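All remarks here apply to the structure that follows.
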Amino acid sequence: MRFISAFLLLLMFSVNAQSKYPQDYFSSPLDIPLVLSGTFAELRSNHFHSGLDIKTQQRTGLKVKAIADGYVSRIKISHYGYGKALYITHPNGYTSVYAHLSKFGPDLERYIKQKQYEQETFEIELFPKPEVLKIEKNSLIAYTGNTGGSGGPHLHFEIRDNAERPINPMLFGIDIKDTTLPKVTSIYAYPLSDTSKVNGSYKKQKLTLIPLKNGDYTVRNINAYGAIGFGITTWDRQDLAANKNGVTNIQAFVNGRKNFELDFKRFAFSETKHINQLIDYKHFKENRQRIQKLFRDNNPLSLYKDIQNEGYITVGDALDFVYKIKVSDFKNNTAWVTIPISGKAPKNKATPIKKETPYYVTQKEITLSGGSGFATIYSNTFYKNLFLDFKVSQDTLVLHKDVVPLKKSIKIGFDISKYNTEDKTKLYIAKLSKYKKKAYYTFTKRKGDTLTTNTKTLGAFTLALDKDKPSITASNFKNGQWLSKYRFLKLKINDKTSGISKYRASINGKWILMEYDYKTKTLTHDFNDAIVKDTKNNLKVIVTDNVGNSSTFETLFYRK
């Protein structure tokens with residue numbers, strides 16, 4: 001009996017040691033069954049998804065509960081990004097995050113609105129002291145919504161460690177039903193040196209993927225020579241949703257020995273930009289398909305594990321290899337891909353023709369200039385040295401194509417001394433769309449006769465002129481109308497050129513809070529704020545665009 005008891009204790013200790021995240025500490029943030037539209041660390045534009053996107057039955061207003069005791073350590077309200085977001089720090093050192101909220105719980109809502117009125121701003125960021133807003137487990141903290149950059153009603157939910165690194169919430173026992181195997185949709189082979197070839201070509205090759213009845217895959221035998229690597233497109237689906245979500249783990253094996261692993265359990269926000277080097281960025285920009293490279297390729301991501309030879313395979317003549325890929329979701333549903341490789345030295349010794357330009361960029365800072373424009377590329381901006389295209393013509397600067405990922409921003413600048421004084425104040429730098437059909441405002445600084453902007457992508461930039469004023473129109477009322485039975489006061493605002501920068505609303509000269517929803521271009525005031533107390537009310541709204549053009553809207557309404 002003593003031997004059995006000791007064995008059980010040892011077994012329990014071993015299990016607990018393997019599970020370093022508490023399993024029964026956190027509860028669910030919602031009272032409904034958890035169904036996901038987005039999983040942790042799945043691939044998004046320029047970043048990894050930092051939490052779980054929980055479906056809210058296609059509606060807003062569901063109650064959000066605190067997953068454990070703690071205190072509100074941060075509140076952030078913004079027009080974009082997370083919209084209305086709440087951060088709760090817990091005694092065990094973790095912080096839970098709830099985003100895209102429609103509103104907060106009653107006590108929090110009063111606290112936040114008081115601060116908004118004190119600072120006369122809708123967008124606000126607060127860091128309350130631990131004793132100010134204490135929270136009990138399962139207490140009401142907010143209601144689900146669709147604010148900020150949300151594409152539909154849902155709750156974005158995160159758990160972060162004490163270094164502010166997001167961690168997959170499912171590691172803490174938050175359960176999502178999933179018995180479905182991941183899907184693999186394509187496999188690519190990459191020659192990785194000037195002498196490497198796959199199936200006789202030095203170009204990337206899409207391989208023929210053959211699904212098997214058991215959910216695994218195989219690929220037709222390939223001939224290869226030299227250093228090669230592979231890429232994969234894959235997704236996972238949970239049982240209760242049709243969404244194509246990200247997987248949790250990808251491993252690769254060469255002749256039975258592991259040489260590569262991607263483990264999507266935790267990352268730091270400072271490294272999320274490296275997603276653009278994890279994927280085949282050029283392929284994504286040209287085809288809108290994210291191929292995950294199963295080799296490191298000068299990438300410092302912490303998601304890589306157990307990498308041998310950077311994930312490359314060196315194939316010699318007449319040597320055979322079996323390359324296997326293991327794709328897993330969080331519940332360890334697994335799909336395998338088998339790729340047989342035959343080493344075959346190419347008869348044609350030709351190497352790739354590399355395009356060279358006058359602009360070779362190393363890891364040192366350099367400024368490229370021509371005509372009225374310039375581009376300053378800071379040290380260590382690219383993942384490797386390369387030749388760039390650069391041209392300035394008629395106030396348009398072309399810095400290569402947006403097919404190369406950046407680690408840092410590049411400064412783009414224009415000399416505007418040739419413009420008249422009035423136009424200088426209305427100029428801004430715009431990023432041109434892929435086919436140069438549309439110009440998008442970029443945050444522009446002016447110093448003397450020089451305009452500059454910072455960009456995280458290559459491409460075409462131009463000087464643009466905005467002399468148009470924003471538009472302001474009443475949405476749910478008319479001038480002189482009685483609004484005694486109205487809960488909300490709404491207006492539509494828009495700027496068709498450089499975009500809206502700021503707005504200010506007042507009633508009888510007193511600032512009022514108006515929430516701005518950029519997706520519907522709507523400003524909304526809630527009469528329950530109890531600011532409007534007079535019968536006759538003069539509403540004044542001033543809207544300013546990104547180059548300083550302003551419009552003023554004034555109207556009367558009555559209310560008892």
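The chain is numbered in sequence order, starting from 1. The shown structure was predicted, so the numbers you read here are calculated from the model rather than taken from an experiment.
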Problem set entry | Nearest heavy-atom neighbours spanning V404 and L458 | CB-CD1, 3.9 Å
Exercise. Less than 6.0 Å separating the ring centroids of H47 and F269?
Worked result: no
For this session: Give a yes or no on whether the ring-centroid distance for Y359 and H400 is below 6.0 angstrom.
Result: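 Judged by ring-centre distance (under 6.0 Å), Y359 and H400 do not meet the cut-off.
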Seminar exercise, completed: Those residues at least two apart in sequence (or on a different chain) that pass side-chain contact (heavy atoms from CB on, under 4.5 Å) with N332 are none
For this session: Not counting sequence neighbours, which residues clear side-chain contact (heavy atoms from CB on, under 4.5 Å) with S342? List them please.
Result: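 If we apply the side-chain contact (heavy atoms from CB on, under 4.5 Å) test to S342, skipping adjacent residues, the hits are N221, N223, D320.
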For this session: For residues 288-327, pull every pair meeting ring-ring contact (aromatic ring centres under 6.0 Å, His included), keeping only residues two or more places apart or in separate chains.
Result: Y190-F295, F230-Y323, F260-Y304, F295-Y312
Seminar exercise, completed: Contacts of K431 meeting side-chain hydrogen bond (donor to acceptor under 3.5 Å, both in side chains) (sequence neighbours excluded), chain-then-number -> T457
For this session: Begin with the C-alpha distance, continue with both residues' side-chain angles, and end with the deciding distance and a verdict on side chain to side chain contact (heavy atoms under 4.5 Å, CB included) for L101 and L86.
Result: CA-CA 8 Å; L101 306 169; L86 188 66; 4.1 Å; yes
For this session: Using the side chain to side chain contact (heavy atoms under 4.5 Å, CB included) rule, take N299 and L278 through it: C-alpha gap first, then chi angles, then the decisive distance, then the call.
Result: CA-CA 7 Å; N299 197 335; L278 167 65; 4.0 Å; yes
Over 60° means perpendicular and under 30° means parallel, so classify the ring planes of [Y] and [X], tilted if in between.
| X | Y | answer |
| --- | --- | --- |
| Y94 | F172 | perpendicular |
| F387 | Y360 | tilted |
| Y188 | H283 | perpendicular |

Problem set entry | Qualifying residue for side-chain contact (heavy atoms from CB on, under 4.5 Å) with M170, from L52, D175, I159, T248 | L52
Any residue meeting salt bridge (charged side-chain N to carboxylate O under 4.0 Å, His left out) with [X], in chain and number order, not counting sequence neighbours:
| X | value |
| --- | --- |
| K355 | D389 |
| E271 | none |
| K445 | none |

Exercise. Could you go step by step and tell me if S96 and Y98 meet the side-chain hydrogen bond (donor to acceptor under 3.5 Å, both in side chains) rule?
Worked result: CA-CA 7 Å; S96 55; Y98 316 78; 2.7 Å; yes
Exercise. What's the verdict on side-chain hydrogen bond (donor to acceptor under 3.5 Å, both in side chains) for S196 and S193, showing C-alpha distance, side-chain angles and the deciding distance?
Worked result: CA-CA 5 Å; S196 301; S193 74; 2.6 Å; yes
Exercise. For Y518, which residues count as a ring-ring contact (aromatic ring centres under 6.0 Å, His included) partner, sequence neighbours excluded?
Worked result: Y80
Could you name each residue pair satisfying salt bridge (Lys or Arg N to Asp or Glu O under 4.0 Å) that touches [range], not counting sequence neighbours?
| range | value |
| --- | --- |
| residues 203-213 | K204-D280 |
| residues 176-200 | D194-K354 |
| residues 400-413 | K285-D402 |

For this session: Check step by step if salt bridge (Lys or Arg N to Asp or Glu O under 4.0 Å) holds for K265 and D263.
Result: CA-CA 6 Å; K265 289 187 175 68; D263 189 33; 2.8 Å; yes
For this session: Give, for atom OG1 of T144 and atom NE2 of H154, the distance between the pair rounded to the nearest 0.5 Å.
Result: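 Rounded to the nearest 0.5 Å, the OG1-NE2 separation comes out at 10.0 Å.
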Exercise. Run the ring-ring contact (aromatic ring centres under 6.0 Å, His included) check on H156 and Y82 step by step: do they pass?
Worked result: CA-CA 8 Å; H156 175 87; Y82 281 10; 4.9 Å; yes
Pairs of donor and acceptor atoms involving the side chains of residues 251-258, under 3.5 Å and at least two apart or interchain, shall be tabulated with distances.
residue : atom : partner : partner atom : Å
Q251    : NE2  : N249    : OD1          : 3.1
N255    : OD1  : V322    : N            : 2.8
K258    : NZ   : E261    : OE1          : 2.7
K258    : NZ   : D306    : OD2          : 2.8

Problem set entry | Axial cation check for F48 ring with R44, 6.0 Å and 45° limits | no
